[in-house]
Structures are given as structure tokens and as C-alpha cells.
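Okay, so here's the structure we're looking at.
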Amino acid sequence: MPTIMITGAAGFIGGHVAREAERRGGLSLRLMSHRRPPAGAAAAGPATAGPATAGPDPATAGPGSGSGHGHGRDRGPGAVVPGHRTVRADLSDPGSLRGVCEGVDVLLHCASQIGGTPEANEAVNARGTAALMAEARRAGVSRVVYLSTASVYGRGAFRAARPEDLVRNPGSPTSGSRAHAEDAVLAAGGVVLRPHLVLGDGDRWVVPGLARILRALPGTVEGWAARTSVITAQDLARLLLGAGLAPAGDLTASVYHAAHPAPVTVRTLLGAVAAVAGPAADPAAEDLTAVRARELLAARGIAAQGLDMLTSDHWFDSDPVWRDLRCTPGPDFEAAFKELAEGYRRALLDI
């Protein structure tokens with residue numbers, strides 16, 4: 001029975017990964033969390049102060065990051081995994097990581113510091129991941145998979161873009177430190193997955209952020225025909241677990257984009273959000289220039305970065321990861337969002 005350790009297991013994506021592993025069965029789980037243990041897990045090891053969970057890179061991802069995970073506050077629904085072991089440790093405190101990888105076969109690293117000071121990002125994402133990789137090597141972990149984000153590319157128009165054709169150009173301390181984390185994982189022989197927008201139970205960033213933008217604008221914005229890559233948290237969990245367990249010979253790359261193969265137009269995405277966000281989110285009144293939209297957002301105290309992301313293509317080629325893992329993507333955006341709509345409708349009551 002392989003032993004899999006999941007960092008950030010009480011967060012948005014980490015929680016979905018833990019539940020997916022539980023559904024798959026035949027796995028021993030070790031769930032690493034800095035603050036609250038995943039629901040149903042048996043505590044083990046000392047508790048340490050520090051950060052680990054779910055959120056976006058606010059400087060590069062606008063309404064929500066690709067990863068939807070962070071290291072500053074527990075945002076996820078937690079993982080219902082009775083009987084599995086939880087380890088309390090803190091990426092910003094290398095001493096607390098000592099021994100966490102003993103007996104681990106596969107490490108799925110889903111925790112990151114999102115936002116905060118540049119020093120905090122460096123301590124958790126760059127130095128913390130490097131320390132974790134040192135522990136993984138010392139313990140003989142056979143596979144490491146890191147959940148990164150397409151935000152490491154910074155701004156730009158991306159059309160069916162492949163990792164090997166892009167140059168990382170992080171635009172914030174968060175995305176810069178996550179690029180350093182990628183380097184540490186790749187140097188250790190690990191695998192990196194870069195999602196863009198992640199939707200699902202526990203999302204406190206993407207759809208709520210889009211709802212705020214819609215409610216601040218009286219209409220659509222030029223450029224909303226742009227295409228963007230999305231993935232559900234459940235599909236992303238399947239990919240992370242699949243990358244951790246796949247035979248080495250099946251993996252043709254060390255860096256993959258993680259998204260549903262079919263991109264979604266921003267207009268379709270916003271229409272779905274408007275349908276669950278209530279009448280105030282109706283975007284049909286007029287067609288705004290991007291300049292006017294930025295002015296309206298600024299007047300409401302809403303950062304314009306999200307608008308930039310919505311008015312240019314952010315479409316990343318993810319066919320290789322589905323092919324290499326011999327995994328079939330879940331439902332397309334419209335079908336998947338219908339299943340998530342009621343949960344989002346309840347969540348948006350607080351927005």
C-alpha cells in the first residue's frame with residue numbers, strides 16, 4: 001500500500017486531493033497541515049505555528065489564481081479521510097519538517113504562501129519548498145508533484161500555449177517565489193502542474209472575484225470574447241494524484257499545464273457566474289471600453305488586474321497531461337458548472 005503525503009491538506013485543492021485519494025482506495029495517506037487538521041484525520045507529531053492553505057496570487061491572477069491554494073489561511077472544505085494520519089508542520093520553519101517524509105512514497109505538495117510580505121513568500125514558497133525537497137530526498141521519496149500556477153508566466157496573451165514554448169515572467173513576490181519552488185521541485189526530479197482558474201467546492205477566489213467585478217460594472221467589456229483555461233478542483237485532484245502514481249515511463253514531461261482541454265470564452269464564464277450571483281450581476285446593459293471599466297472598478301476599490309486577465313486569451317494546452325496519465329477529462333465547463341451552481345449560489349450570498 002503506497003504512502004502518499006499531501007501538504008496543505010486542509011486547504012481548497014489539498015482537501016479535494018485527499019478525498020480523491022480516499023475514493024480511489026488502496027493508499028495510506030499522511031496529511032500535512034500547519035493549523036487545523038483535516039476532518040476525520042488522526043493527529044500525529046507536534047503542532048507548530050505557521051501558515052498553509054488556499055488562495056490566489058492577487059498580483060497576477062486577478063479574481064483568482066490558477067492554483068487556488070495558499071499558505072496564510074485555511075479556506076478549503078477540509079478532507080474527510082477518517083483514520084489517516086495528519087502531521088502538523090510549517091514550511092516557514094524547516095526544523096518542523098524534520099522526519100515528515102519518513103516512509104512516504106509519493107509527496108503531493110499543494111501548500112503555498114499567497115500574498116503577504118515578500119519575506120513571507122520567500123520563507124514559505126522558496127526556502128520552505130527547498131527544505132521539504134531536502135527531506136524528501138533524505139527519506140527516499142520516489143515521486144514529488146508540486147501544484148504551481150500559470151501565474152508564473154505573468155501577463156500576456158496565451159493561445160494553446162505549451163510549457164516548453166513559454167518563458168516564466170512572474171509579476172509579484174508570490175508568483176516569483178512559486179517559480180523558485182518549482183525550481184527546487186524540478187531539481188529534485190519532481191513534476192510540476194500549472195493550472196489557471198480552478199472551480200469547485202471551497203473556491204473563495206475565482207467565482208466570488210468574478211461576481212464582484214460583474215456587480216461593479218453595468219455591462220460587458222471589449223475583449224470578453226477572450227478564451228481562458230479552467231478546471232474543476234475534482235479534475236485537478238485526479239491529475240495530481242495520477243501524476244503521483246503514474247509509472248515513470250508514462251510521463252513525457254516534468255512540467256504540465258492542468259486544465260480542461262476545451263477553453264471557455266470569458267463571456268460564457270461570466271454568464272454562468274451572473275446566473276448564480278443574482279440580478280445585480282447582469283452584464284447585459286452596455287458594452288464598455290476597457291479604460292472605462294477600469295475607472296469604474298477603481299471607483300469601487302476593486303483591483304484592475306482581474307479585468308486584464310478577462311480581456312486577453314489565457315488558454316493553456318493541457319492535452320499532454322491527460323494523454324500521459326491516460327485520464328479522461330470530466331464534463332465540459334457548462335455541464336460542470338451546473339453541478340456547482342447551487343453551492344456557488346449559497347456562497348455568493350456573503351459577497
Side-chain angles (χ1 to χ4, degrees), residues 2 4 6-8 12-14 16-21 23-24 27 57 61 64-69 105-112 142-153 158-168 175 178-179 181-186 188-200 206 227-264 313-333 335-336:
I4 296 179
I6 305 167
T7 70
F12 174 31
I13 304 303
H16 281 277
V17 174
R19 290 196 299 279
E20 178 62 27
R23 280 193 291 269
R24 182 171 297 206
L27 302 169
D57 183 335
S65 93
S67 59
H69 59 283
D105 300 298
V106 175
L107 169 59
L108 304 181
H109 184 19
C110 301
S112 297
S142 61
R143 175 75 52 80
V144 177
V145 182
Y146 176 51
L147 175 59
S148 185
T149 169
S151 292
V152 296
Y153 298 125
F158 306 104
R159 299 180 181 93
R162 300 176 298 179
E164 60 268 29
D165 295 332
L166 298 176
V167 176
R168 294 180 309 179
S175 54
R178 295 178 79 182
E182 289 188 353
D183 292 340
V185 170
L186 294 171
V191 178
V192 171
L193 266 59
R194 294 174 183 157
H196 181 45
L197 299 182
V198 185
L199 309 175
V206 176
R227 291 167 294 181
T228 194
S229 287
V230 300
I231 189 170
T232 64
Q234 185 174 354
D235 264 2
L236 182 55
R238 291 168 57 217
L239 290 179
L240 285 160
L241 192 60
L245 297 174
D250 288 356
L251 301 178
T252 62
S254 55
V255 179
Y256 292 96
H257 290 147
H260 194 281
V264 179
D313 287 329
H314 283 68
W315 169 23
F316 301 94
D317 180 12
S318 63
D319 285 341
V321 73
W322 297 103
R323 182 180 63 245
D324 287 0
L325 300 182
R326 302 175 187 177
C327 191
T328 302
D332 64 14
F333 168 77

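Below, all heavy atoms of this structure are taken into account, side chains as well, without hydrogens, waters or symmetry copies. These figures come from a predicted structure and were not determined experimentally.
Under the 3.5 Å distance criterion, the side-chain polar atoms of T7 are matched with a main-chain donor or acceptor of A111. For the pair W315 (side chain) and A262 (backbone), a donor-acceptor distance under 3.5 Å is absent.
With sequence neighbours excluded, no residue satisfies side chain to side chain donor-acceptor pair (under 3.5 Å) with R227. For T328, there are no side-chain contact (heavy atoms from CB on, under 4.5 Å) partners at least two apart in sequence or on another chain. In this structure R162 satisfies the side chain to side chain donor-acceptor pair (under 3.5 Å) test together with D165, sequence neighbours excluded. Listed by chain and number, the residues in a side-chain contact (heavy atoms from CB on, under 4.5 Å) with A243 are V145, L193, L325 (sequence neighbours excluded). Here F316 pairs with Y153, F158, H196, H257 under the ring-ring contact (aromatic ring centres under 6.0 Å, His included) rule; sequence neighbours left out. Qualifying side chain to side chain donor-acceptor pair (under 3.5 Å) partners for D183, counting only residues two or more places apart in sequence or in other chains: R168. By the salt bridge (Lys or Arg N to Asp or Glu O under 4.0 Å) test, R23 pairs with E20, sequence neighbours left out. Residues forming a side chain to side chain donor-acceptor pair (under 3.5 Å) with R238 (at least two apart in sequence, or on another chain): D235.
For residues 251-262, no pair satisfies salt bridge (charged side-chain N to carboxylate O under 4.0 Å, His left out), with sequence neighbours left out. Listed by first and then second residue, the salt bridge (charged side-chain N to carboxylate O under 4.0 Å, His left out) pairs involving residues 318-332 are D250-R326 (not counting sequence neighbours).
When every heavy atom of T149 is checked against every heavy atom of E182, the shortest pair comes out as O-OE2, 4.5 Å. In plain terms, the two heavy atoms of R194 and P163 that are nearest each other are NH1-CB, 4.2 Å. Shortest non-hydrogen contact noted between S148 and P195 is O-CD, 3.2 Å. Contact between A259 and S229 at its shortest, heavy atoms only, is CB-CB, 3.7 Å. Pairing each heavy atom of A233 with each of H16, the nearest pair is CB-CD2, 3.5 Å. Counting all heavy atoms, side chain and backbone alike, S142 lies closest to D105 at OG-O, 2.7 Å.
Side-chain contact check for S151 versus R178: every heavy-atom pair is 4.5 Å or farther apart. With a 4.5 Å cut-off on side-chain heavy atoms, V106 and P2 do not count as touching. With a 4.5 Å cut-off on side-chain heavy atoms, V230 and V206 do not count as touching. F333 places none of its side-chain heavy atoms less than 4.5 Å from the side chain of T232. Between L108 and L147, the closest side-chain pair of non-hydrogen atoms is not below 4.5 Å. L27 has its side chain within reach of L245: a pair of non-hydrogen atoms, C-beta onward, lies under 4.5 Å apart.
Using modelled atom types, one finds no donor on one side chain facing an acceptor on the other under 3.5 Å when comparing T228 with H314.
With L236 as the fixed residue, the side chain to side chain contact (heavy atoms under 4.5 Å, CB included) test singles out one of I13, L199, L241: I13. With respect to V321, the side chain to side chain contact (heavy atoms under 4.5 Å, CB included) criterion is satisfied by exactly one of L239, L251, V191, T252: L239.
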